[in-house]
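Right, one structure below, let's go through it.
We name chains A, B, ... by the order of the sequence lines, and we start the count at 1 in each one. Keep in mind the model is a prediction, meaning the values are calculated, not measured. Reckoned from all heavy atoms, side chains included, excluding hydrogens, waters and symmetry mates.
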2 protein chains.
Amino acid sequence: MKNRLKVLRAERDWTQAQLASALEVSRQTINAIEKGKFYPSLPLAFKAARLFNLAIEDIFQDEVTEVTMVKS
Amino acid sequence: MKNRLKVLRAERDWTQAQLASALEVSRQTINAIEKGKFYPSLPLAFKAARLFNLAIEDIFQDEVTEVTMVKS
DNA sequence: CAATAAAGTCAAATAAACTTTACATTAAAT
DNA sequence: ATTTAATGTAAAGTTTATTTGACTTTATTG
């Protein structure tokens with residue numbers, strides 16, 4: 001999973017700690033997400049989207065996961 | 001958190017079990033998400049978005065969570 | 001250079017998502 | 001009315017996100 005958090009922070013000149021506090025998570029959580037250690041939860045992704053006024057997909061990009069529908 | 005999974009399923013005449021299998025999660029997971037017992041993970045939300053060819057926000061809607069930025 | 005802020009990392013603990021198994025209820029059938 | 005498919009639910013266990021606290025490394029900047 002890739003994400004634009006670092007760039008979005010940089011555009012606003014925010015530290016990881018400031019972003020963490022705006023999103024009400026720990027600084028380590030922001031660091032880990034920026035470094036791709038894990039996905040944020042959906043609620044956290046929504047909060048970030050609202051904070052930056054962007055769609056979730058404009059902040060977090062999934063590496064394409066395959067999806068196939070079985071014939072009904 | 002509200003979501004349109006049940007409607008999207010109905011439009012396609014899919015059962016919870018079929019959707020679960022397309023998304024590679026258990027039927028109980030789909031049931032629990034539809035009933036609002038918990039949020040899906042972000043990876044699962046992405047997979048659903050890709051399956052239905054919709055944005056995450058068009059499937060899952062956050063009940064507005066407040067977000068405020070502290071002065072830098 | 002020395003001091004400070006920011007970023008990176010690790011380990012241990014908690015919380016939330018998700019699985020499996022199993023059973024109960026509802027709805028659709030003839 | 002009884003079978004069958006779909007949905008709902010619950011408990012116990014696993015995995016993943018997140019926290020807290022502590023420490024190290026990399027920038028800044030005085």
Side-chain angles (χ1 to χ4, degrees), chain A residues 1-52 54-57 59-72, chain B residues 1-52 54-57 59-72:
Chain A
M1 211 232 6
K2 293 200 155 25
N3 69 77
R4 301 195 46 244
L5 288 184
K6 189 172 182 171
V7 171
L8 292 167
R9 271 199 309 112
E11 288 173 351
R12 289 157 182 80
D13 201 29
W14 291 348
T15 69
Q16 290 183 344
Q18 285 176 310
L19 177 55
S21 127
L23 295 177
E24 295 175 280
V25 293
S26 71
R27 181 183 65 81
Q28 288 85 338
T29 292
I30 296 302
N31 186 269
I33 292 169
E34 282 193 6
K35 302 240 99 195
K37 300 224 175 108
F38 48 72
Y39 283 78
S41 68
L42 187 56
L44 181 51
F46 268 120
K47 240 175 161 177
R50 183 165 296 112
L51 176 64
F52 291 118
L54 289 172
I56 288 178
E57 287 89 343
I59 304 178
F60 304 98
Q61 297 96 27
D62 196 14
E63 340 276 344
V64 177
T65 53
E66 292 302 324
V67 155
T68 319
M69 188 60 205
V70 174
K71 203 178 105 184
S72 70
Chain B
M1 208 232 9
K2 290 200 157 21
N3 69 76
R4 305 213 317 118
L5 288 184
K6 190 173 180 172
V7 171
L8 292 168
R9 270 196 311 110
E11 289 173 350
R12 289 157 182 80
D13 201 27
W14 291 349
T15 68
Q16 291 183 344
Q18 285 176 310
L19 176 56
S21 129
L23 296 177
E24 294 175 281
V25 292
S26 71
R27 179 182 66 83
Q28 288 82 342
T29 292
I30 297 302
N31 186 270
I33 292 169
E34 283 193 5
K35 302 239 98 193
K37 301 227 174 103
F38 48 73
Y39 283 78
S41 67
L42 187 56
L44 181 50
F46 268 119
K47 240 175 162 180
R50 183 164 297 111
L51 176 64
F52 291 118
L54 289 172
I56 288 176
E57 288 89 345
I59 303 179
F60 304 99
Q61 298 96 29
D62 198 11
E63 338 276 344
V64 177
T65 53
E66 291 304 321
V67 154
T68 320
M69 188 57 205
V70 175
K71 201 180 107 183
S72 72

Starting at [atom1] of [X] and ending at [atom2] of [N], how long is that distance when rounded to a whole Å?
{"X": "Arg27(B)", "N": "dT21(C)", "atom1": "CZ", "atom2": "P", "value": "13 Å"}
{"X": "Phe38(A)", "N": "dA17(D)", "atom1": "CZ", "atom2": "P", "value": "7 Å"}
{"X": "Ile33(A)", "N": "dG8(C)", "atom1": "CD1", "atom2": "C1'", "value": "15 Å"}
{"X": "Lys6(B)", "N": "dT26(C)", "atom1": "NZ", "atom2": "C1'", "value": "11 Å"}
{"X": "Leu44(A)", "N": "dA16(C)", "atom1": "CG", "atom2": "C1'", "value": "13 Å"}
{"X": "Leu19(A)", "N": "dT18(D)", "atom1": "CG", "atom2": "C1'", "value": "15 Å"}
{"X": "Asn31(A)", "N": "dA5(C)", "atom1": "CG", "atom2": "C1'", "value": "15 Å"}
{"X": "Met1(B)", "N": "dA16(C)", "atom1": "CE", "atom2": "P", "value": "14 Å"}

Is the shortest side-chain N to carboxylate O distance from Arg50(B) to Asp62(A) below 4.0 Å?
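Looking at Arg50(B) and Asp62(A), the cut-off is met.
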Check this one for me: any side-chain N or O of [X] less than 4.0 Å away from OP1 or OP2 of [N]?
{"X": "Lys37(B)", "N": "dT9(D)", "answer": "yes"}
{"X": "Thr29(B)", "N": "dC18(C)", "answer": "no"}
{"X": "Arg9(A)", "N": "dA7(C)", "answer": "yes"}

Using heavy-atom distances to pick each residue's nearest nucleotide on DNA chain C, tell me which of Pro40(B) and Glu34(A) is more 5'.
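It is Glu34(A), whose closest nucleotide lies nearer the 5' terminus.
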Check every atom of [options] against the side chain of [X] and return the nucleotide holding the closest atom.
{"X": "Tyr39(A)", "options": "dA17(D), dT18(D), dT9(C)", "result": "dA17(D)"}
{"X": "Gln28(A)", "options": "dA17(D), dT20(D), dG8(C)", "result": "dT20(D)"}
{"X": "Gln16(B)", "options": "dG8(D), dT20(C), dA17(C)", "result": "dG8(D)"}
{"X": "Val25(B)", "options": "dT19(C), dA22(C), dT19(D)", "result": "dT19(C)"}

Side-chain contact, heavy-atom cut-off 4.5 Å: [X] with [Y]?
{"X": "Leu44(A)", "Y": "Ile33(A)", "value": "yes"}
{"X": "Glu57(B)", "Y": "Ile56(A)", "value": "yes"}
{"X": "Ser41(B)", "Y": "Tyr39(A)", "value": "no"}

Nearest non-hydrogen partners of Ala55(B) and Ala49(B), listed with the distance:
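Closest heavy-atom pair between Ala55(B) and Ala49(B): C-CB, 4.2 Å.
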Locate the shortest heavy-atom distance separating Phe52(B) from Trp14(B); write the atom from each residue and the value.
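Closest pair (atom of Phe52(B), atom of Trp14(B), distance): CE2-CZ3, 3.6 Å.
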Taking for each residue the nucleotide of DNA chain D bearing the nearest heavy atom, is the 5' side occupied by Ser41(B) or by Thr15(B)?
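Comparing both residues, the 5'-ward one is Thr15(B).
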Identified side chain to side chain contact (heavy atoms under 4.5 Å, CB included) partner of Ile30(A) from the options Gln16(A), Lys6(A), Gln18(A)
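Passing option: Gln16(A).
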Angle between the end axes of the helix from dC1(C)-dG30(D) to dT30(C)-dA1(D), five pairs per end, to the nearest 10 degrees?
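Terminal axis comparison yields 40°.
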